[in-house]
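So the structure is just underneath, and the comments pick up after that.
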Amino acid sequence: MENNNGVKRYQMYIGGQFIDPHDDSYIESVNPASGELWALIPKGEKEDVDRAFQAARQCFESDEWRGISPTQRGKLLRKLAQAIADQAEHLARMETQDNGKLYREMLAQMKIIPAWYEYFAGLADKVEGSVIPLDRQSVFNYTLREPLGVIACITPWNSPLLLATWKMAPALAAGNTIVLKPSEFTSASSLEFAKIFDEVGFPPGTLNVVTGYGHTVGDLISKHPMASKVAFTGGTETGRKVAMNAASHLASVTLELGGKSPNIVFADADLDAAEAGVIAGIFAASGQTCIAGSRLFVESSIADRFITRLANRAKEIRLGDPMQPDTQMGPAATPGQLKKIEEYVDIAKNEGARVLVGGERPSHPELANGLYYYPTILTDVNNSMRICQEEVFGPVLSVIPFDSEEEVVKMANDTEFGLGAGIWTNDLKRSHRMARVLEAGTVWINTYRASAPNSPFGGYKNSGIGRESGLEAIYDFMQTKSVWVELSDEIRDPFSIRT
Ligand code: NDP
């Protein structure tokens, strides 16, 4: 990597080497808080993608990787976890420079990432086959769980390393190798991660990082014939394309897609906790999270009071430099994302929504060069409006009052998405009743935006296919082989099937 006038020029990581892109061209990475160019990211092409898959496949078939035991894989993953923990501040700074999210948020992410590698390191040697009790006693039938091969991982810009980790930790623990393509907007942390990975002692080709555009590198990776599985996080439309690409060579997929998650506040809730949870759900990370609680349903009897509280709190949120410890909301990650937020607020207003708070960019000179947008609360909306049905991926909250449990469940489920849902109530029975009927992969009761390595995460409906984290995640990166051993000396009839 070269450093020219403070601008870093990165290389891709393929087959255990840091190399320049095939056609020597680069994508500019701009800090969204300052507008400054700070890094040049290699613009990969087909040659780079092919080279990465060849390296990954060669490694997958090598004794150096296939020959090591699951316990040894676990040890390598633990070493990796420690190396990441040692570099947490450095990696967090990279991500904040790239996507504008708060440094303290990114540092918290870097500090919990090792827990995923440790969890799957521990699981690596606990994956067991089984002995099948066949009717035919002379046959010994057992199963082996085996890795799939090369896993193509594609990640978005909002939490680049955390979301890559959710794929890579179980995939590596299961014995696969990886080709990773991060978002063109936030590739630096994955390339910095590659440097850490390189020193841990994995065989060359276990991890390969190819950077570049989604419509070229992402497209090529998801349809590459050597990809045994595509693990993708991103928007629902892109997810569909990726799934169709994977289908072209019958690779399996895990898709973690968009959301329009409901946050539901009942009158009996602890309103201090609910207020903090609603704010965390939509304004943390400037609303740029897949689990953003972007639709607030609040029971009518407390609606005015609760909305006033939220509005007052939203007005106090401190926008600013994401590196500063007292900043509460940073900029949008890209100019395109900021434009999308502005357009959706206009669409909502045209459909009759009222802007209670925000609804514009700040005019403060200190924020002029950054992609900032005020925390925004919209009222006079109904659930069928586009603002309540389409993902904004920004700090925009739509508020809808409700009168009954039945009514709110109907509205909460009335969306193509099903990623998360929040319920705020002190009624124990109601909370569990609601958890059963809400169509979402995660339901948080009296909490929001929480995750852990051992808890499965994923979407219902158009929010995705498959689960990341938790026990099932490692099996998603494996295939089952059934082995039949005839123990008797009996000679079979060659013309009839054996059971
Ligand atoms: P995109 O779908 O635009 O991009 C996601 C990734 O796919 C990026 O690496 C992108 O590359 C790549 N890509 C783009 N086009 C293609 C293509 N044709 N073929 C293959 N890959 C492609 O999403 P965003 O980056 O804008 O991220 C935001 C989205 O991610 C939101 O919808 C959000 O809800 C979702 N998300 C879901 C999460 C979940 O766990 N369910 C978690 C976090 C985010 P490039 O950026 O270079 O174009």
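These figures come from a predicted structure and were not determined experimentally.
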Whether the side chain of T376 engages the backbone of G359 through a donor-acceptor N/O pair (distance < 3.5 Å, no angle test) should be reported. yes

Run the ring-centre check on F393 versus W157 and record whether the distance is less than 6.0 Å. yes

Do T186 and D98 have side-chain N/O donor and acceptor atoms under 3.5 Å apart? no

Answer yes or no: is there a side-chain heavy-atom contact under 4.5 Å between I282 and P395? no

Side-chain touch T206/F197, heavy atoms, less than 4.5 angstrom: yes

Salt-bridged, E343 to K349, with N to O below 4.0 Å? no

Output yes when a side-chain donor or acceptor of T96 lies under 3.5 Å from a complementary backbone atom of R93, and no otherwise. no

Using atom types as modelled and distance alone, determine if a side-chain donor or acceptor of T447 lies under 3.5 Å from a backbone N or O of W444. no

Does Y213 reach the main-chain N or O of G218 with its side chain, forming a donor-acceptor pair under 3.5 Å? no

Exam field: side chain R386 to backbone A348, donor-acceptor pair closer than 3.5 Å: no

Check this for me: does any side-chain nitrogen of one of E184 and K43 sit under 4.0 Å from a carboxylate oxygen of the other? no

Rounded to the nearest 0.5 Å, what's the gap from CG on L419 to NZ on K260? Could you check? 12.5 Å

Does the structure place the NZ or CZ of R430 under 6.0 Å from the centre of the six-membered ring of F266, at an angle of no more than 45° from the ring's axis? yes

Are the side chain of S455 and the backbone of A452 linked by a donor-acceptor contact shorter than 3.5 Å? no

Please determine whether a side-chain nitrogen of the Lys or Arg among E95 and K101 lies less than 4.0 Å from a carboxylate oxygen of the Asp or Glu. no

K339 atom NZ, over 12 foreign heavy atoms within 6.0 Å: no

Nearest-0.5 Å distance, CG of residue N454 to CZ of residue F120: 9.0 Å

Are N208 and Y13 close enough, and set up right, to give a side-chain hydrogen bond (donor to acceptor under 3.5 Å, both in side chains), and what steps lead you there? CA-CA 5 Å; N208 306 274; Y13 181 60; over 6 Å; no

Over all atoms of both residues, closest heavy-atom pair of I474 and P170: CG1-O, 3.9 Å

If you take all heavy atoms of L191 and P42, which pair is closest and at what distance? CD1-CD, 4.1 Å

V399 vs I377, side chain to side chain contact (heavy atoms under 4.5 Å, CB included): CA-CA, chis, key distance, verdict: CA-CA 7 Å; V399 185; I377 299 179; 3.7 Å; yes

To the nearest 0.5 Å, atom CE of M168 lies from atom CD1 of I178 at 5.5 Å

Find out whether F306 and V265 are in side-chain contact, i.e. whether some heavy atom of one side chain is under 4.5 Å from a heavy atom of the other. yes

Partner residues of F283 under the ring-ring contact (aromatic ring centres under 6.0 Å, His included) criterion, sequence neighbours left out: none

Measuring only between side-chain heavy atoms, which start at C-beta, is V345 closer than 4.5 Å to Y373? yes

Interatomic spacing from CD in Q288 to CE in M329 - rounded to 0.5 Å: 8.5 Å

Regarding N446 and D270, is there a side-chain donor-to-acceptor distance under 3.5 Å anywhere? no

CE (M385) and OG (S398) are apart, to the nearest 0.5 Å, by 7.5 Å

Between R73 and D125, is there a salt bridge with N-O shorter than 4.0 Å? no

Check: S463 side chain, G258 main-chain N or O, donor-acceptor pair, under 3.5 Å: yes

Quick check against the 3.5 Å criterion: does Q328 have a side-chain atom that pairs as donor or acceptor with the backbone of R318? yes

Once you round to the nearest 0.5 Å, how far does CH2 of W424 lie from CG of L271? 11.0 Å

So which atom in G74 and which in A121 form the shortest heavy-atom distance, rounded to 0.1 Å? O-CB, 3.3 Å

Nearest heavy-atom pair of L102 and G330: which atoms, and what distance? CD2-N, 3.8 Å

Sort and list the pairs that fulfil salt bridge (charged side-chain N to carboxylate O under 4.0 Å, His left out) and have at least one residue in residues 300-316, not counting sequence neighbours. D272-R309, E275-R309, E275-R313

Under 3.5 Å side-chain donor-acceptor pair for S300 and D403: yes

Is there a side-chain contact between V30 and F185, using heavy atoms and a 4.5 Å cut-off? no

Test salt bridge (charged side-chain N to carboxylate O under 4.0 Å, His left out) on E192 and K195 and set out the steps. CA-CA 5 Å; E192 295 282 345; K195 289 187 214 160; 3.3 Å; yes

Without hydrogens or angle criteria, can the side chains of N263 and Y448 be said to hold a donor-acceptor pair below 3.5 Å? no

Do T238 and F232 make a side-chain contact, defined as non-hydrogen atoms from C-beta onward lying under 4.5 Å apart? yes

Sidechain-backbone polar pair: R104 side chain, T327 backbone, donor-acceptor under 3.5 Å: yes

Does T211 form a side chain to side chain contact (heavy atoms under 4.5 Å, CB included) with K181? I'd like the steps, not just the answer. CA-CA 6 Å; T211 52; K181 181 232 153 340; over 6 Å; no

Just do the side chain to side chain contact (heavy atoms under 4.5 Å, CB included) check on V179 and I151 with the steps written out, would you? CA-CA 6 Å; V179 175; I151 310 300; over 6 Å; no

Closest approach of L255 to A243 (non-hydrogen atoms, all atoms of both residues): CD1-CB, 4.0 Å

If you measure only the distance, is there a donor-acceptor pair under 3.5 Å linking the side chains of E390 and Y344? yes

Any idea which heavy atoms bring I221 and A227 closest together, and the distance? O-CB, 3.9 Å

Do N383 side-chain atoms and N413 backbone N/O form a donor-acceptor pair below 3.5 Å? no

As a quick check of understanding, evaluate side chain to side chain contact (heavy atoms under 4.5 Å, CB included) for N158 and L163, giving each step before the final call. CA-CA 9 Å; N158 60 332; L163 298 173; 3.6 Å; yes

Given E439 and K461, is the salt bridge (charged side-chain N to carboxylate O under 4.0 Å, His left out) satisfied, shown in steps? CA-CA 8 Å; E439 295 166 353; K461 304 195 278 189; 2.7 Å; yes

Check this for me: does any side-chain nitrogen of one of K167 and E468 sit under 4.0 Å from a carboxylate oxygen of the other? yes

In terms of side-chain heavy atoms, does T425 have a donor or acceptor partner in D268 at a distance below 3.5 Å? yes

W166 side chain near S451 side chain, heavy-atom distance below 4.5 Å: yes

May I ask you to test the L310-L397 pair for a side-chain heavy-atom distance under 4.5 Å? yes

Give a yes/no verdict on a cation-pi contact between K229 and F477, requiring under 6.0 Å between NZ or CZ and the six-membered ring centre and an angle within 45° of the axis. yes

Could you check whether Q389 and S384, counting side-chain N and O atoms only, form a donor-acceptor pair closer than 3.5 Å? no

Could you check whether the rings of Y10 and W38 sit parallel, tilted or perpendicular, using 30° and 60° as the cut-offs? perpendicular

Within 6.0 Å of CD in E36, more than 12 heavy atoms from elsewhere: no

